[in-house]
Amino acid sequence: MTQTQEVRVRYAPSPTGDPHVGNIRTALFNWLYARHTGGKFILRIEDTDQLREAQGALSAILQSLRWLGLQWDEGPEVGGPYAPYIQSERLPLYQEAARRLVAQGHAYTCYCTPEELEAMRKMQQQRREPPRYERRCRDAAYREKKAKEGGPSVIRFRTPLEGDAIVVHDLVRNGVSFDPATLDDFVLLKSAGFPTYHLANVVDDHFMHITHVLRAEEWLPSTPRHLMLYRALGYNVPKFGHLPMILGPDRSKLSKRHGATALLDYRAQGFLPEAMVNFLALLGWSLDDKTEVLSQEELVRHFSIERISKAAAIFNIEKLTWMNGVYIRKMGPEALAAQLATALTHHAQEKGITLAAPITQDALRPITPLVQERLHTMQPQEVWDLCGFFLTPLPAYGDAPFRKSPLAPQARRAALEETVVALESLEDFSATALEGALRPLAERLGLKTRDLFMLIRIAVTGTDVAPPLFETMAVLGKERTLERLRYAIRLAG
RNA sequence: GCCGGCAUCGUCUAGAGGCCUAGGACGCCACCCUUUCAAGGUGGAGACCAGGGGUUCGAAUCCCCUUGCCGGUACCA
């Protein structure tokens, strides 16, 4: 091995759909390791399965990474010294490697058809044998006979029938050994000339000088095959680290069945990328026994393979939601106002809501301090529920919300009328001035402050859950506040 | 079935032989703050460290077995 060579890691998704959170967590760990070590983070697209390829998947992958701020140093759209970074554009490389393996006796051509293989497997299952390729074409005579018949063929690796255990020196779980006798003659090159994952991944990691392969645990069982390939091809072997899986709430491998698992769905649900990164980093990695909130810079500084855990983790959306709230509370007023503007505009348009004025960042700035610690996500509905009444001409309410008031209808009307009188004469409409006027009013009316304030809150906001009353009224302004109070009086009868 | 991995509160985790009558966080429950809701503060419930054998003066931590869960077993990645 060379002395301290630069770390080169890669994230190698296949474009079969929107990357889910487990997948992206793998990308994040690779990125963190690259940044931590000052190495390179490479993005490679493994599109060797023509059947499973999904429209728009590549763009979803790029978007997911960009949203989280995981910039790749080499890969699609940025290029790099080992381009192209899309496997379907590197076919000759794999074909050449396969040819070489055949020439050197490490691989052979197989003419068995999918139907034959299927039949074989059925038989094996009936005989309660492990299903695997029976190596018919490994026999030269049989193979040559089949070759004369023509038809499509694949190239299979000639796995040694016996030999010493193959041990994977895994960075997160130490030595894992496999008996080569349990391995079959797996396919390297498919009949259409495309490589399988096994071949492509080894060839590319070699040519792209990948030093560390950090991938999901589901790959651990096929690592011995890769090791054999490295050996047969005469390549240097990178270090391997198999990351714990992320499971759905039912403890099975994360899939579409588990609801929102695509990373970009979380964006749509109002989660912040900073929170997502922090949360994902803690799924399978920890700094110590206390620290939960870490910025991206801190994660980069502290990340280490040694502290990756071995056990699979369940994605816990409740904790994510809490963490998202933490990050919302950390935002500056400008950033928050901008986020609110986006969410609110989206919601108003979607629902066709009539606005009192256009939604602008400027207009939203005064209300940010009122809602910042009350938001858990930037989900449009949630944001609207909290600030919508600031933006509409009148809150959309009828009689219903007033039932939340403990006061009788008569008393409600009287109290609202008194409130209007008290506020009409108020010059200074600041929160403190309002409080100064309304507390004495409650006393004068013989009402509990909470009951009077609740009544006013409902009249002004249309709901019994809202930001602090006086601040809310101050932001709304005298005119709009009085308008709503008068409207409520009219409603009351 | 076979191969492999994993195993600490419901969940994410700390713990690398004595500091553990097992710590933190989310969630949950109470109380405080309080004009509602949050946020914040305080406290609480919650893990016989999967079970059983060893090793050791001493084990959540090391070894073995069992069990459970997960993954792999494709011309999918």
Practice prompt. Under 4.0 Å between any heavy atoms, over every strand shown, what does A/Thr321 touch: base, sugar-phosphate, or nothing? Just pick one.
Written response: nothing
Worksheet item: Which nucleotide, in any strand shown, forms a Watson-Crick or G-U wobble pair with B/rG68, with both distances under 3.5 Å?
Response: B/rC6
Worksheet item: Is there a Watson-Crick or G-U wobble partner for B/rC75 with both distances under 3.5 Å, and if so, which one is it?
Response: none
Discussion item. So A/Ser309, base contact, sugar-phosphate only, or nothing? Heavy-atom distance under 4.0 Å.
Written reply: sugar-phosphate
Item to complete: Select base, sugar-phosphate, or nothing to describe what A/His242 touches, counting heavy atoms under 4.0 Å on all strands.
Response: nothing
Worksheet, complete the sentence: Ranking B/rG71, B/rG4, B/rU36 by distance to the side chain of A/Phe178, first place goes to B/rG4
Fill in: Pairing nucleotide - B/rU35, Watson-Crick or G-U, each distance under 3.5 Å
none
Worksheet item: What nucleotide, of B/rU36, B/rC75, B/rA77, holds the atom closest to the side chain of A/Ser14?
Response: B/rA77
Practice prompt. Could you tell me whether the side chain of A/Lys319 has a donor or acceptor atom within less than 3.5 Å of a complementary atom in the base of B/rC12?
Written response: yes
Discussion item. Under 4.0 Å, heavy atoms only, any strand: does A/Phe186 hit a base, just the sugar-phosphate, or nothing?
Written reply: nothing
Worksheet item: For B/rG4, does either OP1 or OP2 sit under 4.0 Å from a side-chain N or O belonging to A/Arg173?
Response: no
Discussion item. For A/His169 and A/Phe240, I'd like to know if the aromatic rings sit close, meaning centre-to-centre distance below 6.0 Å.
Written reply: no
Item to complete: Remember a base hit wins even if backbone is also touched, and classify A/Pro249 as base, sugar-phosphate or nothing at under 4.0 Å, heavy atoms.
Response: nothing
Worksheet item: From the list B/rG27, B/rA77, B/rU35, which nucleotide is the closest neighbour of the side chain of A/Arg457?
Response: B/rU35
Worksheet item: Given B/rC75, B/rA77, B/rU36, which nucleotide is nearest the side-chain atoms of A/Arg121?
Response: B/rC75
Item to complete: Please confirm whether A/Arg329 makes a cation-pi placement over A/Tyr327, using NZ or CZ under 6.0 Å from the six-membered ring centre and within 45° of the ring normal.
Response: no
Practice prompt. Would you mind reading off the distance between A/Arg251 atom CZ and B/rC69 atom P, rounded to a whole angstrom?
Written response: 11 Å
Practice prompt. Quickly work out the A/Glu217 CD to B/rC3 C1' distance and round it to whole Å.
Written response: 13 Å
Worksheet item: Should A/Lys290 be listed as having a side-chain N or O under 4.0 Å from OP1 or OP2 of B/rU13?
Response: no
Worksheet entry | Rounded distance in Å - CG (A/Asn201) to C1' (B/rA77) | 10 Å
Item to complete: For A/Pro244, answer base if it contacts any base atom (sugar-phosphate contacts may also be present), sugar-phosphate if it contacts only those atoms, and nothing otherwise; contact means non-hydrogen atoms under 4.0 Å.
Response: nothing
Worksheet item: When we call it a touch if two heavy atoms are under 4.0 Å apart, what does A/Glu46 touch: a base, just sugar-phosphate, or nothing?
Response: sugar-phosphate
Practice prompt. Look at the aromatic rings of A/Tyr197 and A/Trp219 and report parallel, tilted or perpendicular, splitting at 30° and 60°.
Written response: parallel
Discussion item. What's A/Ala313 touching, base or sugar-phosphate or nothing? Going by heavy atoms closer than 4.0 Å.
Written reply: sugar-phosphate
Worksheet item: Rounded to the nearest Å, what distance is computed from the CG atom of residue A/Asn324 to the C1' atom of nucleotide B/rA38?
Response: 15 Å
Worksheet item: Between the side-chain atoms of A/Thr182 and the base atoms of B/rC2, is any donor-acceptor pair under 3.5 Å?
Response: no
Worksheet item: Distance only, no hydrogens: is a donor on one side chain within 3.5 Å (strictly under) of an acceptor on the other, for A/Glu318 and A/Thr321?
Response: no
Discussion item. So A/Asp464, base contact, sugar-phosphate only, or nothing? Heavy-atom distance under 4.0 Å.
Written reply: base
Fill in: Nearest-neighbour nucleotide for the A/Pro468 side chain, B/rU35, B/rC76, B/rG23 considered
B/rU35
Discussion item. Quick check for you: among B/rA77, B/rC26, B/rG4, whose closest atom lies nearest to any side-chain atom of A/Leu220?
Written reply: B/rG4
Worksheet item: Within less than 4.0 Å of OP1 or OP2 of B/rC75, is there a side-chain N or O belonging to A/Arg156?
Response: yes
Worksheet, complete the sentence: pair_partner(B/rG46), Watson-Crick or wobble, both distances < 3.5 Å, evaluates to none
Worksheet item: Hey, does A/Val176 reach any base, or is it just sugar-phosphate, or nothing, if we go heavy atoms under 4.0 Å?
Response: sugar-phosphate
Practice prompt. Look at all strands and tell whether A/Ser177 reaches a base, only sugar-phosphate, or nothing, counting heavy atoms closer than 4.0 Å.
Written response: sugar-phosphate
Discussion item. Please determine whether a side-chain nitrogen or oxygen atom of A/Arg439 lies at a distance below 4.0 Å from atom OP1 or OP2 of B/rU35.
Written reply: yes
Discussion item. Measuring only between side-chain heavy atoms, which start at C-beta, is A/Phe390 closer than 4.5 Å to A/Thr472?
Written reply: yes
Worksheet item: Does A/Glu373 get its side chain close enough to the base of B/rG40, under 3.5 Å, for a donor-acceptor pair?
Response: no
Worksheet item: Within 45° of the ring axis of A/Phe402 and under 6.0 Å from its six-membered ring centre, is that where the NZ or CZ of A/Arg412 lies?
Response: no
Worksheet, complete the sentence: For B/rU11, the nucleotide meeting Watson-Crick or G-U wobble distances (both under 3.5 Å) is B/rA25
Worksheet entry | Nucleotide of B/rG72, B/rG1, B/rC69 approaching A/Pro221 most closely (side-chain heavy atoms) | B/rG72
Discussion item. Tell me the interatomic distance from A/Glu118, atom CD, to B/rC75, atom P, rounded to whole angstroms.
Written reply: 10 Å
Discussion item. Regarding A/Gly284, tell me which of base, sugar-phosphate or nothing describes its non-hydrogen contacts under 4.0 Å with the strands shown.
Written reply: sugar-phosphate
Worksheet item: Should the heavy atoms of other residues, nucleotides or ligands under 6.0 Å from CG of A/Asp250 be counted, would the total exceed 12?
Response: yes
Worksheet entry | Residue A/Lys310, side-chain atoms from C-beta onward, closest of B/rC70, B/rC37, B/rC6 | B/rC6
Worksheet item: So what does A/Arg215 hit on the nucleic acid, given a heavy-atom distance under 4.0 Å: a base, only sugar-phosphate, or nothing?
Response: nothing
Worksheet item: Does atom CD of A/Glu443 have more than 12 heavy-atom neighbours, drawn from other residues, nucleotides or ligands, at distances under 6.0 Å?
Response: no
Discussion item. At 4.0 Å (heavy atoms only), tell me whether A/Arg132 reaches a base, stays on the sugar-phosphate, or touches nothing.
Written reply: nothing
Worksheet item: A/Ile458 CD1 to B/rU35 P: how many Å, rounded?
Response: 17 Å
Worksheet item: Looking only at side-chain N and O atoms, does A/Ser286 come under 4.0 Å of OP1 or OP2 in B/rA14?
Response: yes
